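Data first, discussion second: the structure below is written as structure tokens.
Bear in mind the structure is a predicted one, so any value in this text is a computation, not a measurement. A note on names: the letters A, B, ... follow the listed sequences, proteins ahead of strands, and every chain is numbered from 1.
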There are 2 protein chains.
Amino acid sequence: MTEKYVQTLERSLDILEVLAQAEEPLGVTEIGNRISLHKSTVHRILQTLCYRGYVEKEKNNERYHLGLKIVELGIRFFNDLEIRKVAAPFLADLAKSFDEVVHLVLPDDGEVVYIDKRESSHVVSMRSKVGRRAPMHCTAVGKAILSTMPEEEVRQILKEKGMPKYTAYTVTNPDELLEKLKVIKQTRIAEEQEENEIGIVCAGTPIFDYSGRAIGAISVSGPASRIREKGLERIGQELKQAGEQISASLGFNYFGSAV
Amino acid sequence: MTEKYVQTLERSLDILEVLAQAEEPLGVTEIGNRISLHKSTVHRILQTLCYRGYVEKEKNNERYHLGLKIVELGIRFFNDLEIRKVAAPFLADLAKSFDEVVHLVLPDDGEVVYIDKRESSHVVSMRSKVGRRAPMHCTAVGKAILSTMPEEEVRQILKEKGMPKYTAYTVTNPDELLEKLKVIKQTRIAEEQEENEIGIVCAGTPIFDYSGRAIGAISVSGPASRIREKGLERIGQELKQAGEQISASLGFNYFGSAV
DNA sequence: AACGAGGTTTCAAATTTTGAAACAATGGAT
DNA sequence: ATCCATTGTTTCAAAATTTGAAACCTCGTT
């Protein structure tokens with residue numbers, strides 16, 4: 001084959017992803033329309049996904065939705081994530097300490113994926129959700145991770161993902177962001193002042209593994225007024241400490257390169 | 001093709017599943033050995049799964065583990081499960097009321113899949129885990145669901161899945177189990193007396209959807225002595241009520257067939 | 001330095017996959 | 001009741017992809 005990826009597998013993953021994104025079950029032709037595939041091809045792939053439990057056909061019509069096998073694989077992997085287990089008590093402490101929303105994310109393909117989220121006692125409408133993605137350029141956790149990367153790699157990510165403007169405060173100039181990342185690299189505390197979500201302020205810090213690579217980040221977020229009242233700097237310091245402790249538990253050696 | 005399922009897709013799912021079951025990342029040849037595939041075939045499929053984010057290659061060796069895309073699809077679907085959202089407050093109430101472990105399961109391919117689990121304040125070692133499967137013939141939730149099915153369908157499941165003996169109390173005779181299911185069908189309360197796990201006693205009840213089909217079950221479990229002390233019948237009655245309320249919320253009409 | 005094992009790449013042959021076409025089913029309009 | 005449009009399902013020849021044997025590369029061990 002001329003392409004280097006397996007076409008049938010790519011098509012199958014396309015089907016799974018379009019079902020994941022759909023608000024309701026989809027029929028064969030609709031799926032085919034959405035991903036530009038012939039309905040007989042879609043039908044055959046769906047038969048296989050159904051047989052294996054990854055997709056399920058509704059009982060009273062001919063529409064399909066994701067099946068429990070996806071949950072099984074996803075949650076099994078999710079439950080085994082070392083960083084999530086190690087970080088859990090620290091996240092609980094931070095949530096209790098500040099009574100604000102606390103997150104753990106992992107970087108993935110130039111974005112961050114929310115892996116853990118501790119709610120506060122307040123009702124705060126916030127878009128983050130476990131399993132969901134967010135951009136790096138305008139989130140505290142994203143910037144915390146970017147700040148640990150070589151400039152060339154950062155530029156590559158910004159080029160590939162762009163720098164969409166979510167609020168009036170979103171930084172959309174790569175050079176400007178890279179200047180900010182230099183400061184974050186020093187302090188290891190990333191601040192996000194309503195850059196991703198109006199009214200929400202956030203502090204984030206990276207987590208390193210035994211080899212010295214940033215493999216995640218944690219954050220504390222809340223409404224601007226309340227976070228400023230509690231002191232973003234104080235929150236940042238405790239966050240940084242928690243980040244260091246999590247990193248140490250994962251084998252990161254702060255007194256020299258472990259590579 | 002002579003077979004009715006897409007071979008390349010089946011092979012790819014085999015790879016994902018073997019990675020999910022592995023306790024640690026696997027190399028190309030090892031994966032090939034475990035699922036009887038040529039290493040060059042495995043390699044090409046892995047390249048595609050990596051490209052799409054479903055598998056990740058470790059940075060410092062040539063071993064592979066599941067990627068975050070699996071988590072993303074699985075959790076997105078998981079979060080959208082209507083029955084899970086509807087049942088959540090009832091599960092919380094039951095957990096608070098009895099201070100024992102509470103479960104929500106969905107049936108899938110002759111087994112049950114744990115969808116929600118509320119822990120108690122006690123330390124109880126129990127095998128159930130969200131995302132995991134369990135047999136139907138010797139769990140309270142499984143029997144609750146089986147009791148709503150026609151006898152022929154139950155026999156089919158018992159034939160396909162067998163009736164493995166987990167404890168001295170596990171019922172392994174289909175006729176005996178079917179007799180018990182008749183009682184459960186009447187009372188809508190399934191009891192499990194150490195049939196799945198020694199020392200653990202459990203009560204379960206089915207959940208119906210708008211069309212009258214059992215689409216799930218809930219249960220309360222704990223150590224035999226404590227559960228008996230609290231009264232399995234009392235627990236069963238409250239459970240049954242909760243099950244009915246959840247079912248009603250899902251559109252089940254108790255005063256006649258909605259089909 | 002040599003060897004063994006695992007990973008990666010190539011490409012001709014083998015096999016699978018594809019999608020056009022036909023048929024079946026369903027729901028809506030008349 | 002009939003007709004029509006749309007979607008779902010099935011078939012199978014042609015097209016295209018996938019496969020895996022073979023070769024090469026890398027790395028760790030002896």
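- Rounding to whole angstrom units, CG of residue Leu9(B) and C1' of dT18(D) are separated by 14 Å.
- The distance from atom CZ of Arg63(A) to atom C1' of dA25(C) is 17 Å, rounded to the nearest whole Å.
- Under the side-chain hydrogen bond (donor to acceptor under 3.5 Å, both in side chains) criterion, the residue pairs touching residues 145-157 of chain A are Glu151(A)-Arg155(A), Arg155(A)-Asp175(A), Gln156(A)-Glu160(A), with sequence neighbours excluded.
- At dT8(C), one or more side-chain N or O atoms of Lys57(B) fall inside 4.0 Å of OP1 or OP2 (strictly under the cut-off).
- Relative to the axis of its first five pairs, the axis of the last five pairs of the helix from dA1(C)-dT30(D) to dT30(C)-dA1(D) sits at 40°, rounded to 10 degrees.
- For Asp14(A), the side chain to side chain contact (heavy atoms under 4.5 Å, CB included) partners two or more places apart in sequence, or in a different chain, are Ile35(A), Arg52(B).
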Protein-nucleic acid N or O pairs under 3.5 Å, nucleotides 21-27 of chain D:
residue: dA21(D); atom: OP2; partner: His38(B); partner atom: NE2; Å: 3.4
residue: dA21(D); atom: N7; partner: His38(B); partner atom: NE2; Å: 3.4
residue: dA21(D); atom: N6; partner: Ser40(B); partner atom: OG; Å: 3.2

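- Atom-to-atom, CD of Gln47(A) to P of dT18(C) comes out at 14 Å; the value is rounded to the nearest Å.
- The salt bridge (Lys or Arg N to Asp or Glu O under 4.0 Å) test applied to Lys39(B) returns no partner, not counting sequence neighbours.
- Listed by chain and number, the residues in a salt bridge (Lys or Arg N to Asp or Glu O under 4.0 Å) with Arg76(B) amount to none (sequence neighbours excluded).
- Residue Arg11(A) is classed as a sugar-phosphate contact, given heavy-atom separations below 4.0 Å to backbone atoms only.
- Legend: residues meeting salt bridge (Lys or Arg N to Asp or Glu O under 4.0 Å) with Glu111(A), ordered by chain and number and at least two apart, are Arg133(A).
- Per the geometry, NZ belonging to Lys4(A) stands 15 Å off P belonging to dT18(D), to the nearest Å.
- Separating the CG atom of Leu37(B) from the C1' atom of dT8(C) is a distance of 17 Å, rounded to the nearest angstrom.
- Neither OP1 nor OP2 of dT18(C) sits under 4.0 Å from any side-chain N or O of Thr41(A).
- The side-chain hydrogen bond (donor to acceptor under 3.5 Å, both in side chains) analysis of residues 25-37 of chain B, with sequence neighbours excluded, yields the pairs Glu30(B)-Arg34(B).
- Remark: His43(A) is not in phosphate contact with dG8(D), judged by side-chain N or O atoms under 4.0 Å from OP1 or OP2.
- In this view, His65(B) and Phe77(A), Pro25(B), Glu56(B), Glu58(B) satisfy the side chain to side chain contact (heavy atoms under 4.5 Å, CB included) rule, not counting sequence neighbours.
- For Glu62(B), there are no salt bridge (Lys or Arg N to Asp or Glu O under 4.0 Å) partners, not counting sequence neighbours.
- Judged by distance alone, with hydrogens and angles left aside, the side-chain atoms of Ser247(B) form a donor-acceptor pair with the main-chain N or O of Phe208(B) at under 3.5 Å.
- Under a 3.5 Å cut-off, the side chain of Arg127(B) and the backbone N or O of Asn196(B) do form a donor-acceptor pair.
- Between the CG atom of Asn61(B) and the P atom of dT8(C) there is a distance of 10 Å, given to the nearest Å.
- Distance Ile45(B) CD1 to dT18(D) C1': 9 Å, rounded to the nearest Å.
- Contacts of Ala144(A) classified as side chain to side chain contact (heavy atoms under 4.5 Å, CB included), with partners at least two apart in sequence or in another chain: Ala190(A), Pro206(A), Ala217(A).
- Counting to the nearest Å, the P atom of dT16(C) and the CD atom of Gln7(A) are 16 Å from each other.
- For DNA chain D, the neighbouring residues in residues 19-34 of chain A, judged by any heavy atom under 4.0 Å, are Gly27(A), Val28(A), Thr29(A).
- Residues Ile15(A) and Tyr64(A) fail the side-chain proximity criterion, which asks for heavy atoms closer than 4.5 Å.
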